[in-house]
There are 2 protein chains.
Amino acid sequence: MSSKVTIHEVARMSGVSIKTVSRVLNREPNVKIDTRTRVQEAVAALNYRPNISARSLAGSKAYLIGVFFDNPSPAYVTDVQLGAIARCREEGYHLIVEPIDSEGDVAAQIEPMLSTLRMDGVILTPPVCDNPTVLAVLEAEGVPYVRLSPDQDLDRSAHVRMDDVRAAYEMTAHLIALGHTDIGFIKGHPDHGASHLRYEGYVQAMTEHGHAVRESHVEQGYFSFRSGFEAAERLLAGDDRPTAVFASNDDMALGVMAVANRLRLNVPETLSVAGFDDTPGAKVVWPQLTTVRQPIQAMAAAAADLLLGGATRVEGEAPPSRLLDFELVVRESTGPAR
Amino acid sequence: MSSKVTIHEVARMSGVSIKTVSRVLNREPNVKIDTRTRVQEAVAALNYRPNISARSLAGSKAYLIGVFFDNPSPAYVTDVQLGAIARCREEGYHLIVEPIDSEGDVAAQIEPMLSTLRMDGVILTPPVCDNPTVLAVLEAEGVPYVRLSPDQDLDRSAHVRMDDVRAAYEMTAHLIALGHTDIGFIKGHPDHGASHLRYEGYVQAMTEHGHAVRESHVEQGYFSFRSGFEAAERLLAGDDRPTAVFASNDDMALGVMAVANRLRLNVPETLSVAGFDDTPGAKVVWPQLTTVRQPIQAMAAAAADLLLGGATRVEGEAPPSRLLDFELVVRESTGPAR
DNA sequence: GCTCGCCTTGACAAGGCTGTCATGGCTTAT
DNA sequence: ATAAGCCATGACAGCCTTGTCAAGGCGAGC
């Protein structure tokens with residue numbers, strides 16, 4: 001059983017009042033330097049830790065940041081948590097994770113926990129970050145939130161994004177630099193904002209380099225392995241097939257690889273394949289997938305930072321936001337055009 | 001801004017004392033049925049939610065359950081969270097996730113948060129569940145914990161496991177039933193308890209069915225794609241290769257599939273491949289992987305249940321534990337022996 | 001030398017809830 | 001009928017910290 005040291009004992013040991021200890025703990029100004037030192041020594045000596053419940057009951061902070069997600073890829077969720085925690089720990093905050101079932105009654109799920117926990121802020125991952133009900137409840141409860149890679153309504157709240165257009169542009173440019181001119185593309189789920197942005201980057205790169213975007217070499221996918229597989233079957237069927245395929249996420253790219261394997265098309269000698277996201281699966285195929293890495297942990301850390309006072313919203317101005325850099329991860333699935 | 005209804009107003013509205021409202025909220029006995037009803041109506045009418053900070057400050061419960069993990073597979077972490085939350089929500093508990101860096105000073109990481117948060121219990125995932133320092137700190141702080149799939153020291157604490165031996169046995173039996181007699185095996189990381197158990201199940205099934213375990217067809221792996229890939233290269237090199245390979249996790253099985261592809265061995269016509277874990281990757285290959293599914297969410301829910309009073313430890317007896325059932329997931333990567 | 005105002009500190013209340021104990025009414029045993 | 005006991009409820013203290021406000025000390029300006 002831990003000894004449960006209270007602020008009282010720290011105060012007694014350092015010969016000051018409780019309030020002064022509190023001041024030191026909260027890094028408040030107006031404490032003489034040696035008083036501060038004395039208190040800090042006592043804290044260390046007694047191994048004192050403030051009780052978070054008492055703190056949040058008395059004060060206004062709860063020292064809790066929420067992370068809401070709904071069935072996104074596990075790797076994404078984990079990365080978000082790691083990134084957010086890294087920043088939170090510095091300030092003594094903790095992370096509450098809450099899966100949201102977007103199909104169900106969203107308000108009923110989040111309203112109770114918001115009023116019970118009184119969190120200091122919430123990080124919203126896609127697709128929850130674009131759920132109007134969620135945003136409305138959060139605003140009604142007055143809980144600050146930051147959205148990760150939001151799709152729409154960018155000016156509605158603070159957010160953190162990556163430049164999908166430029167990333168897709170650069171991946172396409174990479175293929176073009178390898179000598180490819182006929183590059184197939186598999187679009188993502190039409191409901192996902194990133195889909196359009198990535199397609200836009202692809203088109204932009206093709207056009208700027210003077211290559212035609214061939215309608216028949218652009219397929220609709222839905223971000224799933226299966227949809228990538230099926231799109232690839234159409235794309236790679238005849239002899240008039242592209243020499244490279246850029247799938248707008250890794251799962252679909254993996255589908256392309258599977259089809260290529262079946263058709264005995266060597267990757268990357270006969271066909272280059274590129275993905276997007278750098279999921280764990282990208283390294284669990286042979287050859288390993290060339291893809292785009294989103295700095296998810298960094299994005300989550302930035303989100304936490306915005307919440308923890310990295311930025312105060314100025315009335316009348318657009319809410320604070322951050323745009324982070326992606327990284328092109330060139331592995332073995334792309335090579336020179338045959 | 002939310003209106004912050006307090007217990008006081010509920011009491012006034014229902015014409016009882018604060019304490020009685022508290023009794024109703026905590027499902028305490030000795031409240032007349034119609035009093036209870038009246039209070040519940042007031043709670044609903046006012047949309048009252050108890051303040052968790054006040055509750056835990058006054059009482060002994062914190063309404064928080066921690067989940068500690070250290071760099072396991074993302075899919076695993078996510079499943080654990082989902083499973084645990086499902087159970088926690090029923091009781092109004094919330095989940096605090098805390099990544100642990102086992103390489104660093106573990107005590108320094110968890111001791112502060114334990115004394116600050118005073119969680120009601122902690123769920124430990126592998127490999128943290130076998131970290132002696134973590135267990136020691138938890139015990140010193142008097143925080144109850146449940147381990148998921150612990151490796152050693154089973155009687156030290158409550159835990160939840162799956163029967164790895166039997167699962168491996170059944171997978172092997174499945175291959176044998178398909179007519180395979182020469183079944184290769186790739187072992188997992190020797191530091192992982194599950195590795196030995198799975199190998200044991202394989203040996204047991206082979207032996208019981210009268211098939212020899214050929215030394216040369218058992219390879220050491222380390223649970224990684226790469227190690228599976230390399231093991232498969234050795235296993236499938238000559239003409240005297242097994243007709244089926246059972247890799248003791250999915251990542252390694254994926255490595256086997258990649259090698260098979262390179263060698264132009266058709267799966268499953270020429271070679272059957274089986275994995276273990278049913279990771280997302282299992283469905284993102286073609287053909288999809290036959291594997292064993294661990295009921296991770298159910299295991300986590302069981303762990304939460306043990307923590308939330310599903311079982312009280314009786315002094316002198318072994319701590320409570322649960323053994324859950326696995327599921328054989330037969331997909332396309334296994335077929336009749338040629 | 002005196003006033004003003006800032007720096008430093010402390011006393012005290014408040015925050016919303018649960019634990020403890022006391023109360024009165026009613027049932028059961030004697 | 002009386003004692004004993006249980007049930008239903010309430011009054012009040014206390015959980016540990018922060019916010020508010022007041023007070024004392026001290027240097028600066030007049």
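Note on naming: letters A, B, ... go to the chains in the order of the sequence lines (proteins, then strands), and numbering restarts at 1 for each one. Worth saying up front: this structure is predicted, and the values here are computed from it rather than measured.
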Test item: B:T116 side-chain N/O and B:P112 main-chain N/O as donor-acceptor pair under 3.5 Å: yes
Reading 5' to 3' through nucleotides 13-20 of chain D, protein heavy-atom contacts under 4.0 Å coded B for base, S for sugar-phosphate only, - for none: -BBBBBBB
Salt bridge (charged side-chain N to carboxylate O under 4.0 Å, His left out) assessment of B:D153 paired with B:R147: CA-CA 11 Å; B:D153 237 347; B:R147 293 182 292 162; 5.8 Å; no
Charged N-O contact under 4.0 Å between B:E9 and B:K4: no
Main-chain N/O of A:L64 paired with A:D120 side-chain donor or acceptor, under 3.5 Å: yes
Atom of A:Q294, atom of A:S149 and distance for their closest heavy-atom approach: OE1-OG, 4.2 Å
Short N/O separations, protein against nucleotides 5-8 of chain D, under 3.5 angstrom:
none

side-chain N/O A:T20 vs C:dG10 OP1/OP2, d < 4.0 Å: yes
Residues 31-39 of chain B, side-chain donor-acceptor partners within the protein, below 3.5 Å, at least two apart:
| unit_1 | atom_1 | unit_2 | atom_2 | d |
| --- | --- | --- | --- | --- |
| B:R36 | NH2 | B:E28 | O | 2.8 |
| B:T37 | OG1 | B:I33 | O | 2.7 |
| B:R38 | NH1 | B:S14 | O | 2.6 |

Nearest heavy-atom neighbours spanning A:L114 and A:L138: CD2-CD1, 3.4 Å
Non-neighbouring partners of A:Y76 that pass ring pair (Phe, Tyr, Trp, His ring centres under 6.0 Å), sequence neighbours left out: none
End axis versus end axis in the helix from C:dG1-D:dC30 to C:dT30-D:dA1, the angle rounded to 10°, five pairs used at each terminus: 30°
pair B:S115-B:E141: side-chain heavy atoms closer than 4.5 Å: yes
Ring pair (Phe, Tyr, Trp, His ring centres under 6.0 Å) involving A:H192 - partner list, sequence neighbours excluded: A:F223
